[in-house]
Amino acid sequence: MANSLAGKRAFITGSFQGIGLGIATSLASEGAAIVLHGLADAETISKAEMAVMAAGASTVESHVSDLRDSDATESLIAKILSGGAVDILVNNAGIQHTATIAEMPRSKWNDIIAINLSSFFDTMRLLLPEMAKRGSGRVINIASVHGLVASAAKAPYVAAKHGVVGLTKVAALEYANVGDRNSGGVTINAICPGWVETALIEPQIQARVDLHNSDRAAGIADLLSEKQPSQRMSTPSDIGALALWLCNPAAHNITGAAIPVDGGWTAQ
Ligand code: NAD
C-alpha cells in the first residue's frame with residue numbers, strides 16, 4: 001500500500017503531539033500532504049514537522065489556532081483551503097478535566113464542549129461541502145469510550161464525546177449517497193479509544209502513581225485494571241493505523257460507525 005495517499009491532503013486538529021501526531025505520522029507514511037494544527041511552542045511544532053516528514057509526508061504545514069473561537073476556525077479553514085483541497089479531516093483536538101458535577105467549574109464545561117464537540121461541528125460544516133463536490137472525502141472524529149459509556153467525574157467530557165458520536169451519525173446520513181465506489185464516497189466515522197498513553201491522561205496516571213509509592217508501572221496497571229480488560233494501553237500509532245485504514249477506498253461503505261479501540265472496555 002506504499003504511497004496510497006499520494007496526492008491526498010490531510011488536516012489533523014491537535015496534531016503537534018499525542019494521538020493527533022500518531023495519526024499524522026501514519027497518514028504521512030502513505031505519502032499524504034500533512035496539515036498540522038494545535039496550540040504549541042515553536043520547538044514542539046518543529047519536532048512534529050520533522051517527524052511527519054521523516055515518516056514520508058509529501059509536504060507539511062503548521063497552523064496555530066484556538067478552536068474555542070469559531071471565527072478563528074473559519075479563518076483557519078479558509079487559509080488551509082487557499083493552499084488546496086482537504087481530502088481527509090481528522091478532528092482530534094481535545095482536553096480533559098476531572099471533577100464531579102458539583103465541583104466542575106462552569107468555565108471547564110464551556111472549554112470542553114467548545115474544543116471537544118463544537119469545533120468538530122465547525123470543521124465539518126466548513127469542509128464537508130467541498131468533499132461532497134469531489135465525491136470523495138474522509139472525516140475521522142476522535143471520540144472516546146466516553147462517547148459510548150460514562151465514568152464519574154467527567155461530565156463535560158462524556159457529554160461532548162457522546163455528542164461527537166451523534167454528530168458523526170448525522171453527518172454520515174447526510175453524505176451517505178455522495179460519490180460512488182470509484183470516487184470512494186464521503187465517509188464520516190468516530191474512533192473511540194480507551195486508555196492511550198499521552199499528556200491528556202497524565203494527571204490521571206499520576207494520581208495512581210502517587211497511590212503506589214511513585215511506581216509508574218504499578219500506577220498504570222491500577223488504572224487499567226479498573227475498566228480496560230486487555231490491561232494494555234494503546235499507543236498513538238495504534239490509533240493512527242486505524243485512521244489510515246479508514247482512508248482506504250475499500251472502506252467506502254463504513255460510515256456513521258463508532259469504532260472502539262478499548263481492549264474490551266465497552267464489551268463488558
Ligand atoms: P494531548 O493533550 O496529547 O493532545 C491534545 C491536542 O489538542 C494538543 O495538540 C493540543 O494543542 C490540542 N488542543 C487543546 N486545546 C486546544 C484548543 N483550544 N485549540 C486548538 N487545539 C487545542 O491529548 P491526546 O490524548 O492525544 O488527545 C487527542 C484526542 O484523543 C482528544 O480528543 C481526546 O479526548 C481523545 N482521547 C484520548 C484518550 C487517551 O487516553 N489519551 C482516550 C480517548 C480519547
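Starting from 1, each residue takes its place in the sequence as its number. Since the model is a prediction, treat every value here as computed from it, not as a measurement. Indexing begins at 1, ligand by ligand and atom by atom, following the structure's order.
Looking at ligand 1, you won't find any N or O of P193 less than 3.5 Å from one of its N or O atoms. An N or O contact shorter than 3.5 Å links Q17 to ligand 1 by distance. Annotation: L39 places an N or O atom under 3.5 Å from an N or O atom of ligand 1; distance criterion only.
Side-chain heavy atoms closer than 4.5 Å link hydrophobic residues (I, L, V, M, F, W, Y) into clusters, and following such links, possibly through other members, connects I12 to I45.
Per-residue contacts place G18 under 4.0 angstrom from the following atoms of ligand 1 (heavy atoms of the residue considered): 3 (O), 26 (O). The contact set between ligand 1 and I142, taken as ligand atoms under 4.0 Å from a residue heavy atom, comprises 29 (C), 30 (O), 32 (O), 35 (C). Close contacts of ligand 1 with V196, meaning ligand atoms under 4.0 Å from a residue heavy atom, involve 39 (C), 40 (O), 41 (N). Contact atoms of ligand 1 toward W195: 40 (O) (distance under 4.0 Å to a heavy atom of the residue). Under a 4.0 Å criterion applied to the non-hydrogen atoms of D66, ligand 1 contributes the atoms 17 (C), 18 (N), 19 (N).
Checked by atom type, the side-chain pair Q231/S225 shows no donor-acceptor distance below 3.5 Å. A donor atom on one side chain and an acceptor atom on the other are not found under 3.5 Å apart for S70 and D122.
Of the charged side-chain nitrogens involved, none lies within less than 4.0 Å of a carboxylate oxygen, so that R138 and D87 do not count as a salt-bridged pair. One finds no salt bridge joining K108 and E103 here, because no Lys/Arg side-chain nitrogen approaches an Asp/Glu carboxylate oxygen to under 4.0 Å. Salt-bridge formation is detected for the pair R208/E226: a Lys NZ or Arg NE/NH1/NH2 atom is positioned less than 4.0 Å from an Asp or Glu carboxylate oxygen. A salt bridge is defined here as a Lys NZ or Arg NE, NH1 or NH2 lying under 4.0 Å from an Asp or Glu carboxylate O, and E61 with R9 meets this definition. Using a 4.0 Å cut-off between a side-chain N of Lys or Arg and a carboxylate O of Asp or Glu, K169 and E174 do not qualify as a salt bridge.
Residue nearest to atom 25 (O) of ligand 1, selected from V164, T198, I205: T198 (by heavy-atom distance). Among G14, A93, S65, the residue whose heavy atom lies closest to atom 20 (C) of ligand 1 is S65. Here atom 37 (C) of ligand 1 lies nearest to I19 when heavy atoms of I19, I12, L223, N92 are compared.
Contact analysis puts G194 in contact with ligand 1, with a non-hydrogen atom separation below 4.0 angstrom. Ligand 1 has no atom lying under 4.0 Å from any heavy atom of A114. Ligand 1 is approached by K161 to a heavy-atom distance shorter than 4.0 Å. Contact between I201 and ligand 1 is present, with at least one heavy atom of the residue lying under 4.0 Å from the ligand. The shortest heavy-atom distance from A143 to ligand 1 is under 4.0 Å.
The backbone N or O of D238 sits less than 3.5 Å from a side-chain atom of T235, completing a donor-acceptor pair.
Protein heavy atom at the shortest distance from atom 5 (C) of ligand 1 is G94 O, 3.6 Å. Annotation: atom 19 (N) of ligand 1 to nearest protein heavy atom, L67 N, 3.0 Å. Of all protein heavy atoms, the one lying nearest to atom 36 (N) of ligand 1 is Y157 OH, 3.5 Å. With respect to atom 23 (O) of ligand 1, the closest heavy atom belonging to the protein is L200 CB, 3.2 Å.
Ring pair W195/W265 is tilted by interplanar angle, where 30° to 60° counts as tilted.
Looking at H37 against ligand 1, only its side chain comes within 4.0 Å, counting heavy atoms. The proximity of E197 to ligand 1, defined as any non-hydrogen pair under 4.0 Å, does not occur for either the backbone or the side chain. Contacts with ligand 1 closer than 4.0 Å are made by side-chain heavy atoms of I115 only, the backbone lying farther away. Contact annotation for I95 and ligand 1: only side-chain heavy atoms (C-beta onward) come within less than 4.0 Å of the ligand.
I23 is not listed as a side-chain neighbour of I140, based on a closest heavy-atom distance of 4.5 Å or more.
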* Test side chain to side chain donor-acceptor pair (under 3.5 Å) on N92 and T13 and set out the steps. => CA-CA 5 Å; N92 164 79; T13 69; 5.2 Å; no
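Few gaps surround CD on Q268; more than 12 heavy atoms of other groups in view lie less than 6.0 Å from it. More than 12 heavy atoms of other residues, nucleotides or ligands shown are found within 6.0 angstrom of NZ on K154.
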